[in-house]
2 protein chains.
Amino acid sequence: MAKTAEEIAQALNVSITTVRLVLTNKAEQYRISPATQKKVEDYVAEHGYTLNYTARSLRMKKTYTLGLVVPRLSNPFFAKLSEKLETRCRQEGYQLMTSCTYGDEAYENRLVKALEERNVDGIFIAPTSKKSQEHHVKHRKKPLVFLDRDFGSTLPNIAAIVTDNLDAGFTLTDAMLRQQPSPVHFFAGNPTLPTIVARMEGYRQAITSVEKRREDDLISCSPYDAIDDGELMMNAFIDRHGCTPKALIASSLTVMEGALFAVKNRLGAIPPEMNIGTFDEYVMLSFLTNSVWSMRQDKEALAANAFNAMEEQIAGRPKFGLQVCRATLMSPLS
Amino acid sequence: MAKTAEEIAQALNVSITTVRLVLTNKAEQYRISPATQKKVEDYVAEHGYTLNYTARSLRMKKTYTLGLVVPRLSNPFFAKLSEKLETRCRQEGYQLMTSCTYGDEAYENRLVKALEERNVDGIFIAPTSKKSQEHHVKHRKKPLVFLDRDFGSTLPNIAAIVTDNLDAGFTLTDAMLRQQPSPVHFFAGNPTLPTIVARMEGYRQAITSVEKRREDDLISCSPYDAIDDGELMMNAFIDRHGCTPKALIASSLTVMEGALFAVKNRLGAIPPEMNIGTFDEYVMLSFLTNSVWSMRQDKEALAANAFNAMEEQIAGRPKFGLQVCRATLMSPLS
DNA sequence: CTGAAAGCGCTAACAG
DNA sequence: CTGTTAGCGCTTTCAG
């Protein structure tokens with residue numbers, strides 16, 4: 001068991017201060033005699049010393065701990081994002097505490113409260129709804145950075161880092177239309193999410209230039225962004241049209257998984273001529289014989305920008321506003 | 001900003017203890033007068049109060065925080081596992097701090113040290129190597145539970161929760177052989193990992209009953225359990241045999257991803273007649289036209305057992321030893 | 001160069 | 001029923 005500074009001091013018959021000075025590498029600065037320095041160092045080398053962050057935090061009112069609240073880690077996008085963010089935080093000496101909301105507002109609020117009680121220095125949140133986002137800004141006692149989602153609250157002083165989903169939606173749709181001009185359908189899971197709204201809007205902008213059809217024929221919606229929703233939409237589609245879409249964009253990887261799952265169940269296989277477009281790429285999608293377009297979100301940049309925004313807020317010079325990261329098109333041709 | 005107990009006491013002209021008693025719901029027990037009780041409650045209702053866990057932790061020498069150290073969250077298995085574990089911890093009032101090692105021993109040790117400094121009450125680890133596992137048990141100052149991997153250290157008093165990988169390897173191989181008796185190949189990423197060793201051993205037991213071939217012809221190995229390794233093994237296989245395996249088991253989902261990626265790159269598509277077997281199932285794999293067998297690990301049970309083991313250690317009545325959870329076969333027929 | 005002391009907000013024990 | 005006190009291990013400030 002590593003000792004506390006006081007224990008070391010007693011064992012060595014020097015004052016606590018002296019010990020601390022060498023432990024915090026201020027020995028030179030305070031010109032501790034090399035002899036005592038060595039004494040302490042040797043003792044530590046043998047018995048070890050681990051700084052007690054709890055005590056330190058209490059005194060300094062700073063825990064070097066940050067919170068991250070995401071919908072679910074089983075979503076590969078959030079898994080990757082939190083991986084990146086954790087690495088970045090650690091580089092700067094911060095521990096990250098990650099929790100999942102499962103899309104439950106009330107639970108999300110409890111998570112945030114739990115993090116505040118733990119005196120985290122700040123919290124990253126991918127909020128579930130506009131309501132929950134506003135709840136957080138209204139009750140915030142800590143630096144707050146919204147990640148991936150910003151519901152465009154009317155409240156001021158919000159820092160949010162998101163992907164340029166409108167551009168992503170447009171670019172994706174446009175690329176698919178170049179390949180095959182016939183209808184490209186869109187399955188939207190939870191159309192209240194700003195990410196989805198933006199992607200749909202990009203889709204619309206690209207589609208209306210070539211297609212005059214009523215949107216109802218092209219866009220399916222489902223209340224949640226879960227695998228079941230993708231399944232439901234696909235089943236409804238097949239029931240109605242008697243076939244799978246010629247080309248399909250899903251609003252998220254999860255929805256695409258549900259949709260393809262339904263196809264596989266109904267038809268026994270995924271028709272290879274069905275063109276697929278999605279956000280949040282995942283290797284396995286490319287194993288299909290289908291042509292797959294996907295927008296790769298820049299998780300690295302999202303994490304880096306989010307951390308920077310957090311650091312600035314912690315330092316007391318917050319830079320509020322929306323920061324946008326671009327996604328890049330992964331096309332089946334390249 | 002929520003007040004501290006002392007601030008409330010001053011504002012209300014009662015003693016700190018009185019305030020704390022009602023805050024900790026011990027008002028009844030100590031028969032605080034309803035009047036003062038109400039006074040405090042009203043004040044809290046208006047101004048709020050958030051318990052300072054840092055101070056509490058310092059005093060109680062207990063943080064209600066646990067650490068989790070895994071190779072990477074971008075591995076869907078660990079993402080799901082940490083999701084389950086986080087939920088379970090929270091149910092019991094614990095916060096979980098998750099970090100990724102990226103398979104780096106030195107970094108892993110630093111992560112554990114960082115968690116100890118934060119005074120976590122215990123640490124879950126999926127260790128990178130036998131060496132790192134032994135390092136942790138040797139230097140442990142906290143309850144320790146190994147997750148998913150146990151290198152079978154000779155040191156005593158280890159608690160580990162793992163999947164029955166030998167059985168999983170056997171069951172998987174056996175099922176595939178029933179379908180198609182010709183050679184079933186095995187791609188092993190990082191054959192020093194106990195999970196992989198056990199899966200290979202299960203494979204061997206199943207295979208030797210029907211096949212007399214030299215193992216070299218059937219098993220490929222690569223030093224790491226990463227996507228590149230799967231790719232390398234597949235490329236080598238194709239170079240040597242001029243074709244893809246008739247049936248392939250990969251030691252992990254990651255390796256399978258790499259292998260299929262190589263196939264797709266070399267041949268333009270995954271030959272549909274290639275039978276696929278893997279551990280750690282993932283929906284998307286089932287979208288292939290290939291027959292896919294997979295062993296579904298019981299992440300729920302792993303998380304629950306790990307948490308229980310941790311709780312027992314924290315309570316001072318450790319139950320050491322290996323706890324095994326069974327995986328279930330997902331066959332293409334069902 | 002080294003030492004002493006205050007105090008972060010809480011819990012626990014004891015004193016009225 | 002309510003109040004006082006010590007002390008968790010650290011940082012910070014002031015005194016030698």
Side-chain angles (χ1 to χ4, degrees), chain A residues 1-41 43-44 47-65 93 116-121 141, chain B residues 1-41 43-44 47-65 93 116-121 141:
Chain A
M1 186 60 193
K3 313 294 185 190
T4 70
E6 187 174 2
E7 287 169 334
I8 299 179
Q10 280 183 345
L12 262 39
N13 262 316
V14 291
S15 95
I16 303 185
T17 312
T18 310
V19 173
R20 289 199 193 288
L21 253 25
V22 357
L23 287 179
T24 51
N25 297 315
K26 287 188 189 133
E28 301 309 313
Q29 190 184 326
Y30 285 84
R31 306 199 305 173
I32 305 285
S33 73
T36 30
Q37 243 182 91
K38 182 142 184 9
K39 238 186 355 184
V40 174
E41 277 158 10
Y43 189 93
V44 168
H47 300 88
Y49 168 74
T50 60
L51 193 155
N52 184 331
Y53 261 70
T54 308
R56 172 182 227 251
S57 299
L58 178 59
R59 177 63 225 250
M60 301 195 12
K61 294 181 176 308
K62 171 144 175 112
T63 54
Y64 289 93
T65 301
E116 284 169 350
E117 286 179 335
R118 253 87 179 181
N119 295 99
V120 295
D121 296 333
K141 335 184 182 326
Chain B
M1 185 61 192
K3 312 294 186 193
T4 69
E6 187 174 2
E7 287 169 333
I8 299 180
Q10 281 183 344
L12 262 41
N13 262 320
V14 291
S15 96
I16 302 186
T17 312
T18 310
V19 175
R20 289 198 193 288
L21 254 34
V22 358
L23 287 179
T24 51
N25 297 316
K26 287 187 190 133
E28 301 309 313
Q29 191 183 326
Y30 286 84
R31 307 200 303 175
I32 304 285
S33 73
T36 31
Q37 243 181 90
K38 183 141 182 13
K39 238 187 355 185
V40 175
E41 276 158 11
Y43 189 92
V44 168
H47 300 89
Y49 168 75
T50 62
L51 191 149
N52 184 332
Y53 260 70
T54 307
R56 174 182 225 251
S57 298
L58 178 59
R59 178 62 226 245
M60 301 194 15
K61 293 181 174 309
K62 172 142 176 112
T63 54
Y64 289 94
T65 301
E116 284 169 350
E117 287 179 335
R118 253 87 179 182
N119 295 99
V120 295
D121 296 332
K141 336 186 180 328

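Within every chain, numbering begins at 1; the chains are lettered A, B, ... in the order of the sequence lines, protein sequences first and strands thereafter.
- The only option from A/Leu51, A/Thr18, A/Val44 that meets the side-chain contact (heavy atoms from CB on, under 4.5 Å) definition with A/Leu23 turns out to be A/Val44.
- A residue-by-residue look at A/Ala55 and B/Pro34 shows that B/Pro34 has its nearest nucleotide of DNA chain D further toward the 5' end.
- OP1 and OP2 of D/dT11 both lie 4.0 Å or more from every side-chain N or O belonging to A/Lys61.
- Protein atom CZ of A/Arg20 is 10 Å distant from nucleotide atom P of D/dG9, rounded to whole Å.
- How far CG of A/Asn119 is from OG1 of B/Thr54: 3.5 Å, rounded to the nearest 0.5 Å.
- Here D/dG9 presents its P atom at 11 Å from OH of A/Tyr49, a figure rounded to the nearest Å.
- Just one residue in the list B/Val14, B/Asn13, B/Val22 forms a side-chain contact (heavy atoms from CB on, under 4.5 Å) with B/Thr36, and that residue is B/Val14.
- The CG-P distance, from A/Leu23 to D/dC10, rounds to 8 Å in whole Å.
- The salt bridge (charged side-chain N to carboxylate O under 4.0 Å, His left out) search around A/Lys61 returns none, not counting sequence neighbours.
- Looking at residues two or more places apart in sequence or on another chain, you find no side-chain hydrogen bond (donor to acceptor under 3.5 Å, both in side chains) involving B/Thr65.
- Taking atom CG of A/Asn52 as the reference point, atom P of D/dG9 lies 7 Å away to the nearest angstrom.
- In this structure, the CZ atom of A/Arg118 is 16 Å from the C1' atom of C/dG9, given to the nearest Å.
- Here B/Tyr53 does not reach the OP1 or OP2 of C/dT11: none of its side-chain N or O atoms lies under 4.0 Å away.
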Could you pull out the protein-nucleic contacts involving nucleotides 2-6 of chain D (nitrogen or oxygen on both sides, under 3.5 Å)?
| residue | atom | partner | partner atom | Å |
| --- | --- | --- | --- | --- |
| D/dT2 | OP1 | B/Ser33 | OG | 3.3 |
| D/dT2 | OP1 | B/Thr36 | OG1 | 3.4 |
| D/dT2 | OP2 | B/Ser33 | N | 3.0 |
| D/dG3 | OP2 | B/Ser15 | N | 2.5 |
| D/dG3 | OP2 | B/Ser15 | OG | 3.0 |
| D/dG3 | OP2 | B/Thr18 | OG1 | 2.7 |
| D/dG3 | N7 | B/Thr17 | OG1 | 3.4 |
| D/dT4 | O4 | B/Thr17 | OG1 | 2.7 |

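- With sequence neighbours left out, the side-chain hydrogen bond (donor to acceptor under 3.5 Å, both in side chains) criterion links B/Lys62 to B/Tyr94.
- The separation between B/Leu58 atom CG and D/dT11 atom C1' is 13 Å, rounded to whole Å.
- With sequence neighbours excluded, no residue forms a side-chain hydrogen bond (donor to acceptor under 3.5 Å, both in side chains) with A/Ser57.
- Rounded to an integer number of Å, the gap from OH of B/Tyr64 to P of C/dC10 is 16 Å.
- Minimum atom distance to the side chain of A/Arg56 is reached by D/dC10, of the listed D/dC10, C/dT11, C/dC8.
- One can place CD of B/Glu117 at 14 Å from C1' of D/dG9, the figure rounded to the nearest angstrom.
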